[in-house]
There are 2 protein chains.
Amino acid sequence: MRSPQIASDTRTRILEAAVDRFGRDGFGASLRAIAADAGVSAAAVMKHFGSKESLHRECDAHVLAVISAYKTEAMKSADLGATLMTQMARMEEFQPLIRYTMRSFLAGGDVARNLLEDMRSRALTWMAEGVKAGHLKPSRNEELRVKLTFSISIGWMVQSVLAAEKDLGELDADFWARTFDEMLMPALELYAEGLFADRTLLEHYMLYRSDPPGESGAEETSA
Amino acid sequence: MRSPQIASDTRTRILEAAVDRFGRDGFGASLRAIAADAGVSAAAVMKHFGSKESLHRECDAHVLAVISAYKTEAMKSADLGATLMTQMARMEEFQPLIRYTMRSFLAGGDVARNLLEDMRSRALTWMAEGVKAGHLKPSRNEELRVKLTFSISIGWMVQSVLAAEKDLGELDADFWARTFDEMLMPALELYAEGLFADRTLLEHYMLYRSDPPGESGAEETSA
DNA sequence: TCACAGTGTAAACACGTGTTCACCCGGAGG
DNA sequence: CCTCCGGGTGAACACGTGTTTACACTGTGA
(Lines give C-alpha, C1' and ligand atoms only; values in the text may rest on other atoms or scores of the structure.)
Protein backbone atom coordinates (compact mmCIF):
# COMPACT_ATOMS: atom_id res chain seq x y z
CA MET A 1 0.00 0.00 0.00
CA ARG A 2 3.12 2.19 -0.16
CA SER A 3 2.13 4.71 -2.86
CA PRO A 4 0.16 2.99 -5.57
CA GLN A 5 -1.82 6.14 -6.32
CA ILE A 6 1.26 7.83 -7.74
CA ALA A 7 2.12 4.79 -9.80
CA SER A 8 -1.37 4.34 -11.17
CA ASP A 9 -1.49 8.08 -11.77
CA THR A 10 1.29 8.00 -14.34
CA ARG A 11 -0.19 4.77 -15.61
CA THR A 12 -3.52 6.37 -16.41
CA ARG A 13 -1.68 9.42 -17.72
CA ILE A 14 0.09 7.15 -20.20
CA LEU A 15 -3.18 5.45 -21.05
CA GLU A 16 -5.02 8.67 -21.75
CA ALA A 17 -2.12 9.98 -23.78
CA ALA A 18 -2.21 6.76 -25.79
CA VAL A 19 -5.95 7.05 -26.44
CA ASP A 20 -5.45 10.61 -27.62
CA ARG A 21 -2.46 9.90 -29.84
CA PHE A 22 -3.98 6.72 -31.29
CA GLY A 23 -7.08 8.74 -32.07
CA ARG A 24 -5.16 11.58 -33.66
CA ASP A 25 -2.47 9.71 -35.59
CA GLY A 26 -3.92 6.22 -35.92
CA PHE A 27 -2.68 3.03 -34.33
CA GLY A 28 0.67 3.40 -36.04
CA ALA A 29 1.51 6.18 -33.60
CA SER A 30 4.90 5.56 -32.01
CA LEU A 31 5.43 4.68 -28.38
CA ARG A 32 7.91 7.52 -28.10
CA ALA A 33 5.27 10.05 -29.15
CA ILE A 34 2.82 8.65 -26.62
CA ALA A 35 5.49 8.63 -23.94
CA ALA A 36 6.40 12.24 -24.71
CA ASP A 37 2.74 13.27 -24.43
CA ALA A 38 2.55 11.58 -21.06
CA GLY A 39 5.80 13.18 -19.97
CA VAL A 40 7.67 9.91 -19.52
CA SER A 41 10.11 7.79 -21.48
CA ALA A 42 9.25 5.04 -23.90
CA ALA A 43 10.76 2.50 -21.54
CA ALA A 44 8.28 3.54 -18.87
CA VAL A 45 5.42 2.66 -21.20
CA MET A 46 6.93 -0.78 -21.68
CA LYS A 47 7.32 -1.20 -17.90
CA HIS A 48 3.67 -0.41 -17.34
CA PHE A 49 2.04 -2.17 -20.27
CA GLY A 50 4.55 -4.79 -21.42
CA SER A 51 4.11 -4.19 -25.13
CA LYS A 52 2.47 -1.84 -27.59
CA GLU A 53 -0.14 -4.43 -28.46
CA SER A 54 -1.05 -4.78 -24.82
CA LEU A 55 -1.30 -1.00 -24.51
CA HIS A 56 -3.64 -0.97 -27.48
CA ARG A 57 -5.84 -3.60 -25.83
CA GLU A 58 -5.98 -1.64 -22.59
CA CYS A 59 -6.92 1.49 -24.52
CA ASP A 60 -9.77 -0.44 -26.12
CA ALA A 61 -10.99 -1.61 -22.73
CA HIS A 62 -10.67 1.87 -21.24
CA VAL A 63 -12.61 3.55 -24.04
CA LEU A 64 -15.31 0.90 -23.91
CA ALA A 65 -15.62 1.34 -20.16
CA VAL A 66 -15.93 5.13 -20.33
CA ILE A 67 -18.46 5.04 -23.14
CA SER A 68 -20.43 2.32 -21.43
CA ALA A 69 -20.52 4.31 -18.20
CA TYR A 70 -21.76 7.38 -20.03
CA LYS A 71 -24.27 5.38 -22.02
CA THR A 72 -26.08 3.88 -19.06
CA GLU A 73 -26.44 7.39 -17.69
CA ALA A 74 -27.74 9.03 -20.85
CA MET A 75 -29.88 6.12 -21.93
CA LYS A 76 -33.32 7.68 -21.80
CA SER A 77 -33.46 9.77 -24.97
CA ALA A 78 -31.42 7.63 -27.35
CA ASP A 79 -33.58 6.06 -30.01
CA LEU A 80 -32.08 6.06 -33.47
CA GLY A 81 -28.72 4.68 -32.45
CA ALA A 82 -26.96 7.79 -33.63
CA THR A 83 -28.28 10.14 -30.99
CA LEU A 84 -25.69 8.98 -28.50
CA MET A 85 -22.94 10.00 -30.85
CA THR A 86 -24.85 13.16 -31.68
CA GLN A 87 -24.87 14.18 -28.04
CA MET A 88 -21.29 13.16 -27.48
CA ALA A 89 -20.08 14.96 -30.57
CA ARG A 90 -21.07 18.27 -29.00
CA MET A 91 -18.90 17.84 -25.95
CA GLU A 92 -15.30 18.80 -26.14
CA GLU A 93 -14.20 16.36 -23.50
CA PHE A 94 -15.50 13.44 -25.53
CA GLN A 95 -13.55 14.33 -28.65
CA PRO A 96 -10.67 11.93 -27.88
CA LEU A 97 -13.18 9.11 -27.44
CA ILE A 98 -14.94 9.99 -30.69
CA ARG A 99 -11.65 10.05 -32.56
CA TYR A 100 -10.49 6.80 -31.02
CA THR A 101 -13.77 5.06 -31.79
CA MET A 102 -13.74 6.29 -35.37
CA ARG A 103 -10.17 5.06 -35.77
CA SER A 104 -11.21 1.73 -34.39
CA PHE A 105 -14.08 1.57 -36.86
CA LEU A 106 -11.79 2.26 -39.78
CA ALA A 107 -9.01 -0.03 -38.57
CA GLY A 108 -11.35 -2.80 -37.52
CA GLY A 109 -10.61 -2.79 -33.81
CA ASP A 110 -12.33 -4.50 -30.92
CA VAL A 111 -13.69 -1.21 -29.64
CA ALA A 112 -15.76 -0.76 -32.76
CA ARG A 113 -16.89 -4.36 -32.90
CA ASN A 114 -17.95 -4.54 -29.27
CA LEU A 115 -19.44 -1.07 -29.21
CA LEU A 116 -21.40 -1.74 -32.36
CA GLU A 117 -22.69 -5.07 -31.11
CA ASP A 118 -23.77 -3.52 -27.85
CA MET A 119 -25.46 -0.53 -29.45
CA ARG A 120 -27.25 -2.68 -31.98
CA SER A 121 -28.64 -5.00 -29.36
CA ARG A 122 -29.94 -2.01 -27.43
CA ALA A 123 -31.39 -0.51 -30.57
CA LEU A 124 -33.10 -3.81 -31.30
CA THR A 125 -34.88 -3.53 -27.97
CA TRP A 126 -35.88 0.08 -28.60
CA MET A 127 -37.19 -0.83 -32.02
CA ALA A 128 -39.21 -3.73 -30.68
CA GLU A 129 -40.77 -1.39 -28.13
CA GLY A 130 -41.42 1.17 -30.85
CA VAL A 131 -43.14 -1.42 -32.97
CA LYS A 132 -45.19 -2.65 -30.04
CA ALA A 133 -46.19 0.90 -29.18
CA GLY A 134 -47.21 1.51 -32.78
CA HIS A 135 -44.68 4.25 -33.49
CA LEU A 136 -42.65 2.10 -35.87
CA LYS A 137 -43.73 -0.20 -38.62
CA PRO A 138 -42.77 -3.86 -38.18
CA SER A 139 -39.97 -5.21 -40.35
CA ARG A 140 -39.48 -8.49 -42.17
CA ASN A 141 -36.18 -8.78 -40.30
CA GLU A 142 -35.66 -6.49 -37.35
CA GLU A 143 -31.95 -7.25 -36.95
CA LEU A 144 -31.16 -6.39 -40.53
CA ARG A 145 -33.18 -3.21 -40.21
CA VAL A 146 -31.21 -2.18 -37.15
CA LYS A 147 -28.00 -2.84 -39.03
CA LEU A 148 -29.34 -0.69 -41.86
CA THR A 149 -30.10 2.27 -39.62
CA PHE A 150 -26.63 2.04 -38.15
CA SER A 151 -25.24 1.92 -41.66
CA ILE A 152 -26.67 5.36 -42.25
CA SER A 153 -24.80 6.92 -39.34
CA ILE A 154 -21.55 5.13 -40.07
CA GLY A 155 -21.61 5.76 -43.80
CA TRP A 156 -22.51 9.38 -43.22
CA MET A 157 -19.53 9.81 -40.94
CA VAL A 158 -17.19 8.14 -43.41
CA GLN A 159 -18.36 10.30 -46.26
CA SER A 160 -18.14 13.47 -44.19
CA VAL A 161 -14.60 12.71 -43.08
CA LEU A 162 -13.67 11.93 -46.65
CA ALA A 163 -15.16 15.16 -47.93
CA ALA A 164 -13.38 17.18 -45.27
CA GLU A 165 -10.05 16.47 -46.99
CA LYS A 166 -8.46 16.54 -43.56
CA ASP A 167 -7.06 13.81 -41.44
CA LEU A 168 -9.32 12.36 -38.80
CA GLY A 169 -7.11 13.74 -36.06
CA GLU A 170 -7.70 17.34 -37.05
CA LEU A 171 -11.49 17.29 -36.89
CA ASP A 172 -13.02 19.08 -33.92
CA ALA A 173 -16.27 18.94 -32.02
CA ASP A 174 -17.90 21.50 -34.31
CA PHE A 175 -17.26 19.30 -37.30
CA TRP A 176 -18.97 16.32 -35.71
CA ALA A 177 -21.87 18.38 -34.44
CA ARG A 178 -22.46 19.84 -37.90
CA THR A 179 -22.06 16.41 -39.49
CA PHE A 180 -24.76 14.83 -37.36
CA ASP A 181 -27.04 17.86 -37.62
CA GLU A 182 -26.87 17.71 -41.37
CA MET A 183 -27.83 14.05 -41.36
CA LEU A 184 -30.96 14.49 -39.28
CA MET A 185 -33.28 15.97 -41.90
CA PRO A 186 -32.73 13.50 -44.75
CA ALA A 187 -32.76 10.61 -42.28
CA LEU A 188 -36.06 11.65 -40.73
CA GLU A 189 -37.49 12.25 -44.18
CA LEU A 190 -36.53 8.77 -45.33
CA TYR A 191 -37.80 7.19 -42.13
CA ALA A 192 -41.09 9.04 -42.31
CA GLU A 193 -41.86 8.98 -46.00
CA GLY A 194 -39.66 6.39 -47.63
CA LEU A 195 -38.15 6.89 -51.05
CA PHE A 196 -40.18 4.91 -53.56
CA ALA A 197 -43.46 6.33 -54.71
CA ASP A 198 -44.98 2.85 -54.85
CA ARG A 199 -44.21 -0.64 -53.59
CA THR A 200 -43.72 -2.43 -56.87
CA LEU A 201 -39.92 -2.75 -56.56
CA LEU A 202 -40.12 -4.24 -53.09
CA GLU A 203 -42.89 -6.60 -54.08
CA HIS A 204 -41.02 -7.73 -57.16
CA TYR A 205 -37.96 -8.44 -55.05
CA MET A 206 -39.90 -10.31 -52.38
CA LEU A 207 -41.52 -12.35 -55.10
CA TYR A 208 -38.13 -13.05 -56.63
CA ARG A 209 -36.99 -14.66 -53.44
CA SER A 210 -40.20 -15.69 -51.71
CA ASP A 211 -39.21 -15.03 -48.07
CA PRO A 212 -36.45 -17.62 -47.68
CA PRO A 213 -36.08 -19.52 -50.95
CA GLY A 214 -34.72 -22.60 -49.22
CA GLU A 215 -31.31 -21.06 -48.71
CA SER A 216 -29.75 -19.71 -45.53
CA GLY A 217 -31.99 -16.79 -44.76
CA ALA A 218 -32.37 -14.90 -41.52
CA GLU A 219 -30.67 -17.03 -38.91
CA GLU A 220 -27.20 -16.08 -40.14
CA THR A 221 -27.55 -12.32 -40.10
CA SER A 222 -23.84 -11.57 -39.96
CA ALA A 223 -20.38 -13.13 -39.75
CA MET B 1 11.27 2.74 -80.58
CA ARG B 2 13.74 0.14 -79.33
CA SER B 3 11.57 -1.99 -77.11
CA PRO B 4 9.32 0.18 -74.95
CA GLN B 5 6.62 -2.50 -74.77
CA ILE B 6 8.86 -4.65 -72.62
CA ALA B 7 9.75 -1.75 -70.40
CA SER B 8 6.17 -0.57 -69.97
CA ASP B 9 5.22 -4.20 -69.43
CA THR B 10 7.20 -4.49 -66.24
CA ARG B 11 5.96 -1.03 -65.31
CA THR B 12 2.33 -2.07 -65.44
CA ARG B 13 3.25 -5.35 -63.79
CA ILE B 14 4.64 -3.37 -60.87
CA LEU B 15 1.59 -1.14 -60.86
CA GLU B 16 -0.86 -4.01 -60.74
CA ALA B 17 1.17 -5.75 -58.06
CA ALA B 18 1.07 -2.52 -56.04
CA VAL B 19 -2.71 -2.19 -56.41
CA ASP B 20 -3.11 -5.76 -55.24
CA ARG B 21 -0.71 -5.51 -52.30
CA PHE B 22 -2.05 -2.12 -51.19
CA GLY B 23 -5.52 -3.60 -51.30
CA ARG B 24 -4.55 -6.68 -49.33
CA ASP B 25 -2.21 -5.23 -46.72
CA GLY B 26 -3.11 -1.55 -46.68
CA PHE B 27 -1.01 1.37 -47.81
CA GLY B 28 1.66 0.48 -45.30
CA ALA B 29 2.65 -2.44 -47.51
CA SER B 30 6.39 -2.43 -48.15
CA LEU B 31 7.98 -1.69 -51.49
CA ARG B 32 9.97 -4.91 -51.21
CA ALA B 33 6.78 -6.96 -50.95
CA ILE B 34 5.32 -5.20 -53.99
CA ALA B 35 8.57 -5.66 -55.91
CA ALA B 36 8.65 -9.36 -55.03
CA ASP B 37 5.06 -9.77 -56.27
CA ALA B 38 6.04 -8.12 -59.54
CA GLY B 39 9.16 -10.25 -59.80
CA VAL B 40 11.58 -7.33 -59.67
CA SER B 41 13.76 -5.63 -57.08
CA ALA B 42 12.77 -2.75 -54.86
CA ALA B 43 15.24 -0.53 -56.68
CA ALA B 44 13.39 -1.16 -59.93
CA VAL B 45 10.21 0.21 -58.39
CA MET B 46 12.08 3.35 -57.42
CA LYS B 47 13.50 3.69 -60.94
CA HIS B 48 10.03 3.49 -62.47
CA PHE B 49 8.01 5.52 -60.00
CA GLY B 50 10.48 7.72 -58.17
CA SER B 51 9.01 7.23 -54.71
CA LYS B 52 6.43 5.22 -52.85
CA GLU B 53 4.14 8.23 -52.59
CA SER B 54 4.27 8.66 -56.35
CA LEU B 55 3.50 4.97 -56.83
CA HIS B 56 0.50 5.38 -54.56
CA ARG B 57 -0.75 8.30 -56.65
CA GLU B 58 -0.35 6.36 -59.87
CA CYS B 59 -2.24 3.44 -58.36
CA ASP B 60 -5.07 5.81 -57.50
CA ALA B 61 -5.17 7.12 -61.06
CA HIS B 62 -5.02 3.62 -62.51
CA VAL B 63 -7.86 2.30 -60.36
CA LEU B 64 -10.00 5.34 -61.12
CA ALA B 65 -9.40 4.89 -64.83
CA VAL B 66 -10.30 1.21 -64.84
CA ILE B 67 -13.44 1.71 -62.78
CA SER B 68 -14.47 4.68 -64.87
CA ALA B 69 -14.02 2.72 -68.08
CA TYR B 70 -16.14 -0.11 -66.74
CA LYS B 71 -18.76 2.25 -65.37
CA THR B 72 -19.49 4.05 -68.60
CA GLU B 73 -20.06 0.68 -70.18
CA ALA B 74 -22.39 -0.75 -67.57
CA MET B 75 -24.29 2.45 -66.96
CA LYS B 76 -27.80 1.46 -67.95
CA SER B 77 -29.03 -0.56 -64.98
CA ALA B 78 -27.28 1.22 -62.12
CA ASP B 79 -29.70 3.16 -59.98
CA LEU B 80 -29.18 2.86 -56.26
CA GLY B 81 -25.46 3.50 -56.30
CA ALA B 82 -24.82 0.13 -54.76
CA THR B 83 -25.84 -1.92 -57.75
CA LEU B 84 -22.56 -1.14 -59.43
CA MET B 85 -20.74 -2.59 -56.47
CA THR B 86 -23.17 -5.47 -56.37
CA GLN B 87 -22.29 -6.41 -59.89
CA MET B 88 -18.60 -5.90 -59.34
CA ALA B 89 -18.61 -7.90 -56.15
CA ARG B 90 -19.59 -10.98 -58.12
CA MET B 91 -16.66 -10.88 -60.45
CA GLU B 92 -13.42 -12.36 -59.29
CA GLU B 93 -11.32 -10.20 -61.54
CA PHE B 94 -12.57 -7.05 -59.83
CA GLN B 95 -11.61 -8.17 -56.36
CA PRO B 96 -8.33 -6.24 -56.33
CA LEU B 97 -10.18 -3.08 -57.32
CA ILE B 98 -12.81 -3.60 -54.65
CA ARG B 99 -10.19 -4.14 -52.00
CA TYR B 100 -8.19 -1.15 -53.13
CA THR B 101 -11.24 1.09 -53.19
CA MET B 102 -12.32 -0.07 -49.76
CA ARG B 103 -8.83 0.62 -48.42
CA SER B 104 -8.98 4.06 -49.95
CA PHE B 105 -12.33 4.68 -48.28
CA LEU B 106 -10.98 3.70 -44.89
CA ALA B 107 -7.68 5.52 -45.29
CA GLY B 108 -9.24 8.63 -46.82
CA GLY B 109 -7.57 8.44 -50.21
CA ASP B 110 -8.23 10.33 -53.40
CA VAL B 111 -9.70 7.29 -55.10
CA ALA B 112 -12.54 7.18 -52.62
CA ARG B 113 -13.13 10.93 -52.70
CA ASN B 114 -13.19 11.19 -56.49
CA LEU B 115 -15.11 7.98 -57.00
CA LEU B 116 -17.67 8.99 -54.43
CA GLU B 117 -18.11 12.46 -55.89
CA ASP B 118 -18.55 11.02 -59.35
CA MET B 119 -21.01 8.34 -58.29
CA ARG B 120 -23.05 10.79 -56.26
CA SER B 121 -23.37 13.23 -59.11
CA ARG B 122 -24.56 10.41 -61.36
CA ALA B 123 -26.98 9.21 -58.70
CA LEU B 124 -28.31 12.74 -58.39
CA THR B 125 -29.21 12.67 -62.08
CA TRP B 126 -30.85 9.27 -61.80
CA MET B 127 -32.85 10.40 -58.80
CA ALA B 128 -34.02 13.54 -60.56
CA GLU B 129 -35.19 11.40 -63.45
CA GLY B 130 -36.89 8.99 -61.04
CA VAL B 131 -38.68 11.86 -59.37
CA LYS B 132 -39.74 13.33 -62.70
CA ALA B 133 -40.99 9.93 -63.85
CA GLY B 134 -42.97 9.56 -60.65
CA HIS B 135 -41.13 6.50 -59.37
CA LEU B 136 -39.49 8.37 -56.51
CA LYS B 137 -40.86 10.87 -54.07
CA PRO B 138 -39.28 14.32 -54.19
CA SER B 139 -36.99 15.30 -51.35
CA ARG B 140 -36.50 18.50 -49.38
CA ASN B 141 -32.84 18.28 -50.35
CA GLU B 142 -31.91 15.89 -53.14
CA GLU B 143 -28.16 16.09 -52.54
CA LEU B 144 -28.43 15.18 -48.90
CA ARG B 145 -30.76 12.34 -49.79
CA VAL B 146 -28.24 10.98 -52.26
CA LYS B 147 -25.56 11.18 -49.63
CA LEU B 148 -27.87 9.31 -47.29
CA THR B 149 -28.49 6.45 -49.70
CA PHE B 150 -24.75 6.13 -50.23
CA SER B 151 -24.30 6.10 -46.49
CA ILE B 152 -26.32 2.93 -46.35
CA SER B 153 -24.04 1.05 -48.73
CA ILE B 154 -20.85 2.34 -47.16
CA GLY B 155 -21.95 1.81 -43.58
CA TRP B 156 -23.21 -1.65 -44.43
CA MET B 157 -19.85 -2.56 -45.88
CA VAL B 158 -17.98 -1.22 -42.88
CA GLN B 159 -20.16 -3.12 -40.45
CA SER B 160 -19.89 -6.32 -42.45
CA VAL B 161 -16.12 -6.13 -42.62
CA LEU B 162 -16.02 -5.42 -38.91
CA ALA B 163 -18.27 -8.36 -38.12
CA ALA B 164 -16.19 -10.68 -40.27
CA GLU B 165 -13.34 -10.44 -37.74
CA LYS B 166 -10.98 -10.83 -40.65
CA ASP B 167 -8.69 -8.41 -42.32
CA LEU B 168 -9.96 -6.68 -45.43
CA GLY B 169 -7.36 -8.46 -47.53
CA GLU B 170 -8.73 -11.91 -46.80
CA LEU B 171 -12.30 -11.26 -47.91
CA ASP B 172 -13.25 -12.86 -51.21
CA ALA B 173 -15.85 -12.24 -53.87
CA ASP B 174 -18.36 -14.49 -52.13
CA PHE B 175 -18.19 -12.35 -49.03
CA TRP B 176 -18.99 -9.17 -50.94
CA ALA B 177 -21.75 -10.81 -52.93
CA ARG B 178 -23.40 -12.10 -49.76
CA THR B 179 -22.92 -8.75 -48.05
CA PHE B 180 -24.76 -6.84 -50.75
CA ASP B 181 -27.42 -9.50 -51.14
CA GLU B 182 -28.16 -9.28 -47.46
CA MET B 183 -28.54 -5.53 -47.66
CA LEU B 184 -31.06 -5.55 -50.47
CA MET B 185 -34.15 -6.61 -48.56
CA PRO B 186 -33.97 -4.17 -45.62
CA ALA B 187 -32.96 -1.38 -47.97
CA LEU B 188 -35.86 -1.94 -50.31
CA GLU B 189 -38.20 -2.25 -47.36
CA LEU B 190 -37.04 1.06 -45.94
CA TYR B 191 -37.20 2.75 -49.33
CA ALA B 192 -40.67 1.41 -50.03
CA GLU B 193 -42.33 1.66 -46.65
CA GLY B 194 -40.26 3.93 -44.46
CA LEU B 195 -39.75 3.28 -40.79
CA PHE B 196 -42.05 5.57 -38.83
CA ALA B 197 -45.68 4.68 -38.57
CA ASP B 198 -46.65 8.33 -38.75
CA ARG B 199 -45.06 11.65 -39.69
CA THR B 200 -45.15 13.40 -36.34
CA LEU B 201 -41.41 13.13 -35.69
CA LEU B 202 -40.52 14.59 -39.05
CA GLU B 203 -43.07 17.35 -38.73
CA HIS B 204 -41.88 18.22 -35.26
CA TYR B 205 -38.34 18.45 -36.52
CA MET B 206 -39.25 20.54 -39.56
CA LEU B 207 -41.18 22.82 -37.27
CA TYR B 208 -38.23 23.06 -34.89
CA ARG B 209 -36.08 24.41 -37.66
CA SER B 210 -38.58 25.92 -40.09
CA ASP B 211 -36.81 25.08 -43.35
CA PRO B 212 -33.65 27.14 -42.83
CA PRO B 213 -33.91 28.94 -39.48
CA GLY B 214 -31.62 31.74 -40.64
CA GLU B 215 -28.50 29.64 -40.14
CA SER B 216 -26.32 27.99 -42.76
CA GLY B 217 -28.72 25.46 -44.16
CA ALA B 218 -28.65 23.74 -47.50
CA GLU B 219 -26.09 25.62 -49.57
CA GLU B 220 -23.17 24.13 -47.65
CA THR B 221 -24.00 20.49 -48.09
CA SER B 222 -20.56 19.16 -47.32
CA ALA B 223 -17.00 20.14 -46.45
C1' DT C 1 22.38 2.93 8.83
C1' DC C 2 21.79 -0.54 5.37
C1' DA C 3 19.13 -3.18 2.14
C1' DC C 4 15.46 -3.30 -0.82
C1' DA C 5 11.65 -2.90 -3.85
C1' DG C 6 9.33 0.34 -6.83
C1' DT C 7 9.55 3.79 -10.44
C1' DG C 8 11.73 5.77 -14.06
C1' DT C 9 15.57 6.72 -17.46
C1' DA C 10 19.29 6.76 -21.20
C1' DA C 11 21.53 3.98 -24.24
C1' DA C 12 21.75 0.30 -26.96
C1' DC C 13 19.82 -3.56 -29.87
C1' DA C 14 17.65 -5.81 -33.73
C1' DC C 15 14.93 -5.06 -37.37
C1' DG C 16 12.15 -3.14 -41.25
C1' DT C 17 11.58 0.80 -43.85
C1' DG C 18 12.22 4.13 -48.17
C1' DT C 19 15.87 5.52 -50.76
C1' DT C 20 20.48 5.77 -53.09
C1' DC C 21 24.77 4.16 -55.14
C1' DA C 22 27.90 1.49 -57.82
C1' DC C 23 27.57 -1.90 -60.85
C1' DC C 24 26.00 -5.34 -64.53
C1' DC C 25 23.81 -6.91 -68.76
C1' DG C 26 22.29 -6.80 -73.52
C1' DG C 27 21.41 -4.84 -77.66
C1' DA C 28 21.61 -0.62 -80.97
C1' DG C 29 24.85 2.66 -83.42
C1' DG C 30 29.16 4.33 -84.73
C1' DC D 1 35.37 -4.05 -82.79
C1' DC D 2 34.11 -0.73 -79.06
C1' DT D 3 30.84 2.53 -76.92
C1' DC D 4 26.81 3.91 -74.96
C1' DC D 5 22.52 3.78 -72.74
C1' DG D 6 18.17 2.12 -70.81
C1' DG D 7 16.51 -1.50 -67.66
C1' DG D 8 17.62 -3.92 -63.78
C1' DT D 9 20.20 -5.60 -59.50
C1' DG D 10 22.39 -6.19 -54.73
C1' DA D 11 24.47 -3.91 -51.17
C1' DA D 12 24.53 -0.25 -48.44
C1' DC D 13 22.67 4.01 -45.99
C1' DA D 14 19.98 6.69 -42.80
C1' DC D 15 16.32 6.50 -40.07
C1' DG D 16 12.32 5.17 -37.12
C1' DT D 17 10.39 1.43 -34.85
C1' DG D 18 9.33 -1.83 -30.56
C1' DT D 19 11.91 -3.83 -27.10
C1' DT D 20 15.69 -4.83 -23.69
C1' DT D 21 19.34 -3.87 -20.58
C1' DA D 22 22.04 -1.65 -17.12
C1' DC D 23 21.73 1.89 -14.20
C1' DA D 24 19.94 6.01 -11.07
C1' DC D 25 16.78 7.89 -7.72
C1' DT D 26 13.40 7.58 -3.85
C1' DG D 27 11.19 6.34 0.01
C1' DT D 28 10.06 2.57 3.30
C1' DG D 29 11.16 -1.36 6.75
C1' DA D 30 14.32 -3.61 9.68
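In what follows, chains carry the letters A, B, and so on, assigned in the order in which the sequence lines appear, proteins first and then strands, with residues in each chain numbered from 1.
What separates CD1 of B:Ile34 from C1' of C:dT17 is a distance of 12 Å, to the nearest Å. To the nearest angstrom, P of D:dG8 lies 8 Å from CZ of B:Arg13. Regarding B:Leu31, its CG atom lies at a distance of 16 Å from the P atom of D:dG10, rounded to whole Å. One atom, CZ of A:Arg11, and another, P of C:dG8, lie 12 Å apart when rounded to the nearest Å. In this structure, the NE2 atom of A:His56 is 13 Å from the P atom of D:dG18, given to the nearest Å. When rounded to the nearest whole Å, the span between CZ of B:Phe49 and P of C:dG18 equals 15 Å. Between A:His48 atom NE2 and D:dG18 atom C1' there is a gap of 17 Å when expressed in whole angstrom units. The CG-C1' distance, from B:Leu55 to C:dT19, rounds to 14 Å in whole Å.
Residue contacts shown for B:Ala29 are limited to sugar-phosphate atoms, with no base heavy atom under 4.0 Å away.
Taking side-chain N and O atoms only, A:Thr10 has no distance below 4.0 Å to OP1 or OP2 of C:dT7.
Residue A:Ala42 places its side chain closer to D:dT19 than to any other of D:dT20, C:dG8, D:dT19. Considering only the side chain of A:Ala44, C:dT9 comes nearest among C:dT9, C:dT19, D:dT9. Among the nucleotides D:dT9, C:dA10, D:dG18, the one closest to the side chain of A:Ser30 is D:dG18. Among the nucleotides D:dT19, C:dT9, C:dG18, the one closest to any side-chain atom of A:Lys52 is D:dT19.
Residue B:Arg32 places no side-chain atom within donor-acceptor reach of the base of C:dG16, judged by atom type and a 3.5 Å distance cut-off alone. A donor and an acceptor atom sit less than 3.5 Å apart, one in the side chain of A:Lys47 and one in the base of C:dG8.
A salt bridge is defined here as a Lys NZ or Arg NE, NH1 or NH2 lying under 4.0 Å from an Asp or Glu carboxylate O, and A:Arg113 with A:Asp110 meets this definition.
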Test salt bridge (Lys or Arg N to Asp or Glu O under 4.0 Å) applied to B:Asp60 and B:Arg57, step by step: CA-CA 5 Å; B:Asp60 278 12; B:Arg57 274 197 302 269; over 6 Å; no
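By the neighbour-count criterion of 12 heavy atoms within 6.0 Å, atom CD of A:Glu53 is sparsely surrounded, having that number or fewer from other residues, nucleotides or ligands.
B:Leu136 is not listed as a side-chain neighbour of B:Tyr191, based on a closest heavy-atom distance of 4.5 Å or more.
Using bins of under 30°, 30° to 60° and over 60° for the plane-to-plane angle, the ring pair B:Phe27/B:Phe22 lands in the tilted bin.
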